[in-house]
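Written below as structure tokens is the structure these notes are about.
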Amino acid sequence: NPRFADAHNNLGVLYKEKGLLHEARKEYIEALKDTSLPYYLKIIHRNLGTLYGEMGWVDSAIQSYHDVLKLDPKDENSHYNLAVLYAQKGLIDKAVNSFLEVIHITPDDSEAHYRLGLIYFQKSLLDKAMIKFQEALRIKPDYREAEQELKKVLSILGTDLKSVSR
């Protein structure tokens, strides 16, 4: 019954807000048992992914976001969260691909451009990092962190911010 699923999901949200993570997990799992409707399944799996991430259960969080993407392959939030989790695990190529998918779905996601720029910077792909930081700043001109990272890249490349068009 979808109403039971909704009730269990809402109870899970309340438990999570109170810091009762294991209780929240139990409610989300009960919610999954009570529905087969894709709309509810997507919400519940996304909530589980967030919860598992907070619990430090990275592999379970990754699986939950994959479950969301089976229902909605263009779910930007799940791709974004996967990218962050993959980066945490050191699965850099998967993180890059997930951030690229976010940018494909939502080209004006300044945070995805910025975080992809950070990965490129760490991989010493300075030209790509510069482009991503510039893109983040084009979308959000007051993005201080992106500007600081762009300045680092330009310093390494031997140029300054004034000589580079944004």
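Since the model is a prediction, treat every value here as computed from it, not as a measurement.
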- Message: Quiz question: by atom type and distance under 3.5 Å, do the side chains of Gln63 and Asp67 form a donor-acceptor pair?
- Response: yes

- Message: Within 45 degrees of the ring normal and closer than 6.0 Å to the centroid, is that where the cationic atom of Lys123 sits relative to Tyr120?
- Response: no

- Item | Between Tyr143 and Glu111: side-chain donor-acceptor atoms closer than 3.5 Å | yes

- May I ask you to decide whether Arg144 forms a salt bridge with Glu147, counting only side-chain N to carboxylate O separations under 4.0 Å? no

- Query: So does Lys33 pair up with Glu30, basic N to acidic O under 4.0 Å?
  - Reply: yes

- Message: Keeping His79 on the side-chain end and Ile105 on the backbone end, is there a donor-acceptor pair under 3.5 Å?
- Response: no

- Consider only side-chain N and O atoms of Thr106 and Asp109, and report whether a donor and an acceptor are under 3.5 Å apart. no

- Is it true that Glu23 and Lys26 make a salt bridge, defined as a side-chain N closer than 4.0 Å to a carboxylate O? no

- Message: Using 30° and 60° as the class boundaries, would you call the ring planes of Phe133 and Tyr114 parallel, tilted or perpendicular?
- Response: tilted

- Message: Restricting to non-hydrogen atoms, name the atom on Gly117 and the atom on Ala129 that form the minimum distance, rounded to 0.1 Å.
- Response: O-CB, 3.5 Å

- Query: Does Thr50 reach the main-chain N or O of Arg46 with its side chain, forming a donor-acceptor pair under 3.5 Å?
  - Reply: yes

- Test item: side-chain donor near acceptor, Tyr80 and Arg115, under 3.5 Å: yes

- What distance do Ser98 atom OG and Tyr65 atom OH have between them, rounded to the nearest 0.5 Å? 12.0 Å

